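What follows is a set of notes on a single structure, which appears directly below.
Being a predicted model, the structure only gives us computed values, none of them experimental.
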Amino acid sequence: MDYVKLINCMRCGMCLPHCPTYKESFLETASPRGRVALVRKFQEGELVESEKFLEYVSLCLDCQACASACPCGVNAGELVAEFRCERKQEQGLSTMEDLILRKLVPHPDRLEAATAPLRLYQRTGLQKVVRSLGLLKVFPAALGRMEGLLPKLPDAPLRQTISEVTPAVGEQKGTVGFFLGCVMSLIFSEASLATVELLSALGYKVVTPKDQKCCGAPNMLGHDIDGLKEAARFNTDLFQSQELDFVVTDCGGCGAELKKYGHHLDGETAATAFSTKVRDISEILATEAATLKNKLKPLPLKVTYHDPCHIAHCQGIRSQPRALINLIPGIDFRELPEADACCGSAGTYNIEKPEMSDRVLSRKVQNVQKSGADYLVTSNPGCLLQLKKALTEATPPVKVIHLTELLQMSLNA
């Protein structure tokens with residue numbers, strides 16, 4: 001860890017009103033500057049690694065809202081993540097961590113096989129029976145929460161059904177690579193199909209290599225830096241072997257990680273070149289706003305937008321999604337209060353820290369209800385999972401969709 005980053009914190013407190021965990025607890029140890037201070041004291045030998053110390057550090061959502069607010073450019077979330085990665089390298093992966101992060105996540109075929117029983121669980125009607133009878137109460141709480149987040153799954157993972165090459169409609173203006181993303185392919189295939197359709201309609205040839213692997217974000221989340229580097233090198237080599245203008249993703253978490261490949265593989269020029277090509281779908285579509293506007297048809301909907309942390313704070317993308325929504329004729333766009341505040345999903349945080357996650361989520365749901373919107377648009381699978389469940393159960397219910405799904409609705413209206 002770069003010690004200079006730790007001592008750059010001036011303890012000014014500008015981060016405090018932006019930190020989700022501090023806003024819910026008002027504890028200094030649950031704030032960005034508090035966590036930086038704890039890690040600094042540990043690095044200086046004034047603190048030992050205790051259960052309490054690790055509890056405070058692990059409370060961070062890594063939403064990086066603190067980085068957006070910090071006048072000195074200190075990224076407390078990233079510092080905490082780096083610290084936990086260093087500790088994990090010293091301790092090594094557990095058997096379960098090795099099984100998930102090394103033997104399951106990097107292999108798309110195994111991930112797809114692992115979700116097959118879930119499709120059967122839904123198709124046979126067993127899910128309805130289990131939920132109606134409350135049978136999940138007899139299982140561990142974490143399992144119940146995971147099952148509760150499960151939306152209706154597509155008939156097959158998108159990786160299995162999408163063409164490797166989707167030709168441009170009309171005159172071809174460029175070639176882009178499409179990074180599928182694990183959760184997007186497995187759960188939100190309709191949104192990714194919309195992404196490809198939009199790119200094709202705007203004149204882009206879309207190349208979707210089926211050999212691509214997970215971006216490595218779960219490895220980073222599990223503090224497995226070696227696994228992350230393996231994924232980065234594989235995907236870099238795969239996409240750099242194609243002649244691409246850009247590499248496009250519709251997953252905020254994937255985009256944030258792909259853009260860091262040059263940082264993770266410091267000194268490897270291929271990784272740096274790859275990262276400079278990565279674009280979130282909203283960045284590409286925003287450059288085609290004039291063309292896109294002529295293709296969109298009216299949608300008389302009340303819509304609001306939630307900024308995913310990995311889009312707004314990690315990539316600095318804020319105006320483009322809003323501009324795209326407002327291109328649609330008839331849209332009643334309503335700005336969401338605290339739009340860039342975390343929804344509490346944060347990878348597996350909503351499973352590992354359910355109490356804090358629910359408090360953060362409750363604040364987001366209240367703000368969505370205040371907006372009066374019928375639709376909430378966002379662009380990250382974790383946010384989609386978390387908010388779909390909460391807002392489906394809200395009164396009145398609010399539909400949650402990906403940005404590209406909304407645009408496709410208008411395109412095909």
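Between L265 and K229 there is a side-chain heavy-atom pair separated by less than 4.5 Å. Counting only heavy atoms from C-beta outward, the side chains of E97 and H223 never approach each other to under 4.5 Å. Here the side chains of R84 and C60 are not in contact, with every heavy-atom distance at 4.5 Å or above. When side chains are defined from C-beta on, Y349 does not count as touching L221, because their heavy atoms never get closer than 4.5 Å. Taking 4.5 Å as the limit, some side-chain heavy atom of L292 sits within range of a side-chain heavy atom of L198. At least one side-chain heavy atom of P71 sits less than 4.5 Å from a side-chain heavy atom of M14. With contacts defined as side-chain heavy-atom distances shorter than 4.5 Å, the pair L186/E112 qualifies. Two residues are said to be in side-chain contact when any heavy atoms from C-beta on lie closer than 4.5 Å; I187 and P151 meet this criterion.
In this structure, the side chain of K388 engages the main chain of V400 through a donor-acceptor pair within 3.5 Å. Of the possible polar contacts, none joining the H402 side chain to the A194 backbone as a donor-acceptor pair under 3.5 Å is found. For Q122 (side chain) and L153 (main-chain N/O), a donor-acceptor pair under 3.5 Å exists by modelled atom type. Put simply, the side chain of T21 gets close to the backbone of A30: a donor and an acceptor are under 3.5 Å apart. R131 places a side-chain N or O within 3.5 Å of a backbone atom of E147 that can act as its donor or acceptor partner. With hydrogens and angles disregarded, a donor-acceptor distance shorter than 3.5 Å links the side chain of R119 to the backbone of P154. Side-chain atoms of S410 never come within 3.5 Å of backbone atoms of L406 as a donor-acceptor pair (strictly under, hydrogens ignored). Side-chain atoms of S31 come within 3.5 Å of backbone atoms of G34 as a donor-acceptor pair (strictly under, hydrogens ignored). Side-chain atoms of D340 do not come within 3.5 Å of backbone N or O of D307 as any donor-acceptor pair.
When all heavy atoms are compared, the tightest approach of H310 to N380 is ND1-ND2, 4.5 Å. The minimum heavy-atom distance linking A339 with R322 is given by the pair CB-NH2, 3.4 Å. Contact record, P298 with A413: O-CB, 4.2 Å, taken as the closest heavy-atom pair. The minimum heavy-atom distance linking T124 with L120 is given by the pair OG1-O, 2.8 Å. Minimum interatomic distance between T378 and P308 (heavy atoms only, all atoms of both residues): OG1-CG, 3.2 Å. Minimum interatomic distance between E335 and F333 (heavy atoms only, all atoms of both residues): OE1-CE2, 3.5 Å.
Ionic pairing of E78 and K260 is present here: one or more N-O contacts between side-chain nitrogen and carboxylate oxygen are shorter than 4.0 angstrom. R11 and E28 are joined by a salt bridge, as a carboxylate oxygen and a charged side-chain nitrogen come within less than 4.0 angstrom of each other. A salt bridge does not link K213 with E230: none of the charged nitrogens is closer than 4.0 Å to a carboxylate oxygen.
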Original post:
E283 and V248: side chain to side chain contact (heavy atoms under 4.5 Å, CB included), yes or no, with the steps?
Top reply: CA-CA 9 Å; E283 294 180 285; V248 181; over 6 Å; no
**OP:** Go through C343 and V360 one step at a time and tell me if the side chain to side chain contact (heavy atoms under 4.5 Å, CB included) criterion holds.
**Re:** CA-CA 6 Å; C343 68; V360 173; 5.9 Å; no
Original post:
For K399 and E405, what are the C-alpha separation, side-chain angles and deciding distance, and is it a salt bridge (charged side-chain N to carboxylate O under 4.0 Å, His left out)?
Top reply: CA-CA 12 Å; K399 293 182 180 179; E405 291 180 290; over 6 Å; no
**OP:** Could you please spell out the steps behind the side chain to side chain contact (heavy atoms under 4.5 Å, CB included) verdict for T304 and N367?
**Re:** CA-CA 10 Å; T304 191; N367 283 329; over 6 Å; no
Subject >> Pair E197-N412, side chain to side chain donor-acceptor pair (under 3.5 Å): steps then yes or no >> reply: CA-CA 11 Å; E197 179 182 331; N412 297 334; 3.2 Å; yes
Original post:
Is there a side chain to side chain contact (heavy atoms under 4.5 Å, CB included) between L324 and S282 once you walk through the steps?
Top reply: CA-CA 8 Å; L324 291 167; S282 65; 4.0 Å; yes
Original post:
Could you go step by step and tell me if K103 and D98 meet the salt bridge (charged side-chain N to carboxylate O under 4.0 Å, His left out) rule?
Top reply: CA-CA 7 Å; K103 295 181 172 60; D98 181 74; 2.5 Å; yes
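For S357 and Q386, the side-chain atoms include at least one donor-acceptor pair closer than 3.5 Å. With 3.5 Å as the limit, one finds no donor-acceptor pair spanning the side chains of Q240 and T236. Checking E257 against H264 by side-chain atom types alone, a donor-acceptor pair falls below 3.5 Å. Defined by atom type and a distance below 3.5 Å, a donor-acceptor pair is present between the side-chain atoms of H313 and R318. Side-chain atoms of R279 and T287 include no donor-acceptor pair closer than 3.5 Å.
Counting heavy atoms of neighbouring residues, nucleotides and ligands inside a 6.0 Å radius, atom CD of E46 exceeds 12 of them. The number of heavy-atom neighbours closer than 6.0 Å to NZ of K210, taken from other residues, nucleotides and ligands shown, is above 12. Within a 6.0 Å radius of CD in E268, other residues, nucleotides and ligands contribute more than 12 heavy atoms.
For the atom pair CD of Q43 and CG of L38, the computed distance is 12.0 Å after rounding to the nearest 0.5 Å. Here the straight-line distance linking atom CG of L111 with atom SG of C214 works out to 7.5 Å at 0.5 Å rounding. For the atom pair CD1 (I225) and CD (E86), the distance works out to 9.5 Å, reported to the nearest 0.5 Å. Separation of atoms CD1 (I401) and CG (L407) is listed at 8.5 Å; rounding is to 0.5 Å. Between the CD atom of E355 and the CD atom of E24 there is a distance of 10.5 Å, given to the nearest 0.5 Å. Between the CG atom of D280 and the CD atom of Q320 there is a distance of 8.0 Å, given to the nearest 0.5 Å.
The residue from R145, K389, K353 that alone fulfils the salt bridge (charged side-chain N to carboxylate O under 4.0 Å, His left out) condition with D358 is R145.
Aromatic pair Y204/F246: ring centres not closer than 6.0 Å.
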Going by atom type alone, with no hydrogens or angles, which donor-acceptor pairs under 3.5 Å involve a side-chain atom of residues 369-377 and a protein atom two or more places apart or on another chain?
{"residue": "Q369", "atom": "NE2", "partner": "T395", "partner atom": "O", "Å": "3.4"}
{"residue": "S371", "atom": "OG", "partner": "V368", "partner atom": "O", "Å": "2.5"}
{"residue": "S371", "atom": "OG", "partner": "A373", "partner atom": "N", "Å": "3.2"}

Using a 3.5 Å cut-off and no angle test, enumerate the donor-acceptor pairs between side-chain atoms of residues 175-185 and protein atoms at least two apart in sequence or in another chain.
{"residue": "T175", "atom": "OG1", "partner": "Q172", "partner atom": "NE2", "Å": "3.1"}
{"residue": "S185", "atom": "OG", "partner": "L158", "partner atom": "N", "Å": "3.4"}
{"residue": "S185", "atom": "OG", "partner": "R159", "partner atom": "N", "Å": "3.1"}

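Every side chain to side chain contact (heavy atoms under 4.5 Å, CB included) that S275 has, sequence neighbours left out, goes to Y261.
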